[in-house]
**Q** 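Here it is, the structure, as structure tokens.
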Amino acid sequence: MKTSRLILGTQRENPSDAEIISHQLMIRAGLIRQVSSGIYNWLPIGKKVLQKVEAIIRSEMDNSGAQEILMPMVQPASLWEESGRIDQYGQELLVFFDRHENKFCLGPTHEEIITDLCKNLITSYKQLPITLYQIQTKFRDEIRPRFGVMRSREFLMKDAYSFDLNKEGLDRSYSIMKEAYTNIFDRLCLDYRVVKADSGAIGGSDSEEFHVLADSGEDLLAFSDKSSYAINAELLNELNEGQDPYSLDGKPSPDGKGVLKLKKGIEVGHIFKLGKKYSEVLNLRIQAEDQDIFPEMGCYGIGASRIVAASIEQNHDDKGILWPKPLAPFDVAIVEVNPKNNVKVTNKCSELYEQFKEHKIDVLWDDRDKRPGVKFNDMEVIGMPYTVIVGERTLKTGEYELKERVDEKPKLVSHQDLVANIKN
RNA sequence: CGGGGCAUAGCGCAGCCUGGUAGCGCACCUGCUUUGGGAGCAGGUGGUCGCAGGUUCAAAUCCUGCUGCCCCGACCA
């Protein structure tokens, strides 16, 4: 891709209404533009990053044996009435009517739909265990959307649902999914923690949250300094009858080992053991050997769009985003210095551009007739992991200037090392 | 929903108090000069001043109502 054709959408100034760094940078780097409160357009660069996140999630989900499906965003409200959640969810559920005056809602989650689907799809216990997942747009009419895509009303989510014959099976499916989550967040290069959590409106028994550590996080997490004990402070607080969560700092850990330390986290994943809650209420009955059973269900969510913001919270400097390589929108940028001055420079860029493409390196060639500083700044704010600088200065030497985003200055490398470095 | 703030060009803002031709910087377009860290000069494009009503000869500006957006709180797989 050449920048002369790419809709970059970078901006020099911070938007006045963005408070946290990831929101500011997502707009300045041209990842998103706001449409309405909590509703965003994803521009080309942002969409590419989002797709990288999706691809990692998809590959680990597939690897775990889960099967991808796609469920509708629009759901009949009758299913929510049947499950009893229409009142429980309240106004966060966006309800509307079609031309026949039938009541529908925009799906904030899909337990009802998937359970209903499986009523016809799963005809025998021999088909269990099964885990189905989708990556899809959700809508929750949040009381107060904020911080860009961090807490938006419309957002991209991976949600998975497991069905097992019994509790032991559910434990297995749950731990398989937990392992898949660990792989996913590792590959996403996030600094995260797994904590015990409140299962909230989804219901069920055990539940754990995956939190990206960041000062801008909206959740308070408590960790023991001597053991692996970790819990959402909100939940611990409920157990301790509503005291100030911050007062937990320094208190003895409930597991008796060490004292509690507090940190803020961004919830990017949540896994639940639902049990029979939905299978019973929606009457998902499956034939087993000697009697019908209600399968033990689990559900597993990951906020894909939120991960983009969370990654930026952990990876930025005063110049812009510092994407970890697996998330970067491109592998490398070629900055062409003063394109109009010297055809040889352009020819060299063209040659490199083709070579990168042959090596399956996703390359962005900044061929714009702009001053070098403008290009450097643009490539830095969007967080290109590598930039090759091509200008008259180094053209003759036969070496290449390769600048890593995290480094102050470029280093001179041979052609062979250039490709090797970028692919590493 | 309670409290606070904002709404004027794609972005950032001034003008409003004291009514009288809608402005500045950045971005964008054209030309010339420049060229290794956000260039200079000259010319240019782009606005129902959030919406509706009112006062007035005249409203971005004064009055009333509404809407949208942001922040704090409550809430939140």
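Below, read A as the first sequence line, B as the second, and so on, with proteins coming before strands; counting in each chain starts at 1.
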**Q** What distance, rounded to whole Å, do you find between the two P atoms, one in B/G44 and one in B/U18?
**A** 37 Å
**Q** To the nearest Å, how far apart are A/Ile20 CD1 and B/C72 C1'?
**A** 15 Å
**Q** Tell me the partner of B/U48, counting only Watson-Crick (N1-N3 plus N6-O4 or O6-N4) or G-U wobble (N1-O2 and O6-N3) with both under 3.5 Å; none if nothing fits.
**A** none
**Q** Which nucleotide in the set B/U35, B/C75, B/C76 lies at the smallest distance from any side-chain heavy atom of A/Lys340?
**A** B/U35
**Q** Which pair of heavy atoms, one from A/Ser207 and one from A/Phe272, lies closest together, and at what distance?
**A** CB-CD2, 3.6 Å
**Q** From the set B/G38, B/C71, B/G36, return the single nucleotide nearest to any side-chain atom of A/Asn377.
**A** B/G38
**Q** Base, sugar-phosphate alone, or nothing: which one does A/Asn14 contact when heavy atoms must sit under 4.0 Å apart?
**A** sugar-phosphate
**Q** So what does A/Lys375 touch, heavy atoms closer than 4.0 Å: a base, only the sugar-phosphate, or nothing?
**A** nothing
**Q** Any idea which of B/G36, B/U35, B/C72 is nearest the A/Asn338 side chain?
**A** B/U35
**Q** A/Arg12 has a side chain; which of B/C11, B/G37, B/A27 sits nearest to it?
**A** B/A27
**Q** Determine the Euclidean distance between corresponding C1' atoms of B/U8 and B/A59; express it in Å to zero decimal places.
**A** 14 Å
**Q** Taking atom P in both B/G68 and B/C51, compute the distance separating them and give it to the nearest angstrom.
**A** 15 Å
**Q** Would you kindly check if the NZ (Lys) or CZ (Arg) of A/Lys103 is within the cone defined by 45 degrees around the ring axis of A/Phe96 and under 6.0 Å from the six-membered ring centre?
**A** no
**Q** If you take atom types as modelled and just measure distance, does the side chain of A/Glu380 reach the base of B/G38 with a donor-acceptor pair under 3.5 Å?
**A** no
**Q** Could you check A/Arg306 against A/His23 and say which one's nearest nucleotide on RNA chain B is further toward the 5' end?
**A** A/His23
**Q** Rounded to whole angstroms, how far apart are CD on A/Glu336 and C1' on B/G37?
**A** 17 Å
**Q** Return no unless some side-chain N or O of A/Ser16 is found under 4.0 Å from OP1 or OP2 of B/C11.
**A** no
**Q** Can you check the distance between B/C63 and B/G73, where both ends of the measurement are the P atom (answer in whole Å)?
**A** 32 Å
**Q** From C-beta outward on A/Glu92, which listed nucleotide comes closest to its side chain: B/C70, B/C76, B/G36?
**A** B/C76
**Q** Could you tell me the Watson-Crick or G-U partner of B/C75, where both distances fall under 3.5 Å? Say none if there is no partner.
**A** none
**Q** Partner of B/C13 by Watson-Crick or G-U wobble geometry, both contacts under 3.5 Å, or none?
**A** B/G23
**Q** Check every atom of B/G38, B/A39, B/C28 against the side chain of A/Arg28 and return the nucleotide holding the closest atom.
**A** B/G38
**Q** Partner of B/U67 by Watson-Crick or G-U wobble geometry, both contacts under 3.5 Å, or none?
**A** B/A7
**Q** To the nearest Å, give me how far apart NZ (A/Lys403) and P (B/G37) are.
**A** 13 Å
**Q** Using atom C1' of each nucleotide, how far apart are B/G10 and B/G53 to the nearest Å?
**A** 31 Å
**Q** Under the 3.5 Å rule, do the base of B/G25 and the side chain of A/Glu13 count as making a donor-acceptor pair?
**A** yes
**Q** Would you say the base of B/C76 and the side-chain of A/Arg144 have a donor-acceptor pair closer than 3.5 Å?
**A** no
**Q** Return whichever of A/Glu267 or A/Ile143 has its heavy-atom-nearest nucleotide of RNA chain B closer to the 5' end.
**A** A/Ile143
**Q** When we call it a touch if two heavy atoms are under 4.0 Å apart, what does A/Thr394 touch: a base, just sugar-phosphate, or nothing?
**A** base
**Q** Given the P atoms of B/G65 and B/U61, what is the spacing between them in whole Å?
**A** 16 Å
**Q** Are the ring centres of A/Tyr400 and A/His415 closer than 6.0 Å?
**A** yes
**Q** Between B/G46 and B/U30, how far apart are the two C1' atoms, rounded to whole Å?
**A** 15 Å
**Q** Using 4.0 Å as the upper bound for N to carboxylate O, is an ion pair formed by A/Glu404 and A/Lys325?
**A** yes
**Q** Give the rounded distance in Å between these two atoms: CD of A/Glu142 and P of B/C75.
**A** 13 Å
**Q** May I have the distance from A/Leu412 (atom CG) to B/G36 (atom P), rounded to whole angstrom?
**A** 18 Å
**Q** Give the intermediate values and the outcome of side-chain hydrogen bond (donor to acceptor under 3.5 Å, both in side chains) for residues A/Tyr174 and A/Glu208.
**A** CA-CA 10 Å; A/Tyr174 183 92; A/Glu208 287 166 291; 2.7 Å; yes
**Q** Salt bridge between A/Lys423 and A/Asp331, side-chain N to carboxylate O under 4.0 Å?
**A** no
**Q** Which one, B/C71, B/C70, B/C11, comes nearest to the side chain of A/Ser37?
**A** B/C70
**Q** Indicate the atoms forming the closest heavy-atom contact of A/Gly383 with A/Arg405, along with that distance.
**A** CA-NE, 4.1 Å
**Q** Between B/G36, B/C72, B/U35, which one does the side chain of A/Arg146 approach most closely?
**A** B/C72
**Q** Looking at A/Lys411 and A/Glu401, does any basic side-chain N land under 4.0 Å from a carboxylate oxygen?
**A** no
**Q** Please pick, from B/C76, B/G12, B/G36, the nucleotide with the shortest atom-to-atom distance to any side-chain atom of A/Ile389.
**A** B/G36
**Q** Rounded to the Å, how far apart are A/Leu235 CG and B/C75 P?
**A** 15 Å
**Q** So, does A/Tyr181 use its side chain to make a donor-acceptor pair with the main chain of A/Tyr300 at under 3.5 Å?
**A** yes
**Q** Check every atom of B/C13, B/A74, B/C28 against the side chain of A/Lys370 and return the nucleotide holding the closest atom.
**A** B/C28
**Q** Identify whether any heavy atom of A/Gln34 sits under 4.0 Å from a base atom; if not, whether one sits that close to sugar-phosphate; answer base, sugar-phosphate or nothing.
**A** sugar-phosphate
**Q** How would you label the contact of A/Tyr300 with the nucleic acid (heavy atoms, under 4.0 Å): base, sugar-phosphate, or nothing?
**A** nothing
**Q** Would you kindly give the CD-to-P distance between A/Glu392 and B/U34, to the nearest whole Å?
**A** 14 Å
**Q** Between B/G50 and B/G12, how far apart are the two P atoms, rounded to whole Å?
**A** 15 Å
**Q** Could you state the atom-to-atom distance from CG of A/Asp369 to C1' of B/C32 in whole Å?
**A** 13 Å
**Q** Check whether the side chain of A/Glu401 and the base of B/G36 form a donor-acceptor pair under 3.5 Å.
**A** yes
**Q** With both distances kept under 3.5 Å, what pairs with B/G43, Watson-Crick or G-U wobble?
**A** B/C29
**Q** For a quick check of understanding: with a heavy-atom distance under 4.0 Å over all strands, which category does A/Ile27 fall into, base, sugar-phosphate or nothing?
**A** nothing
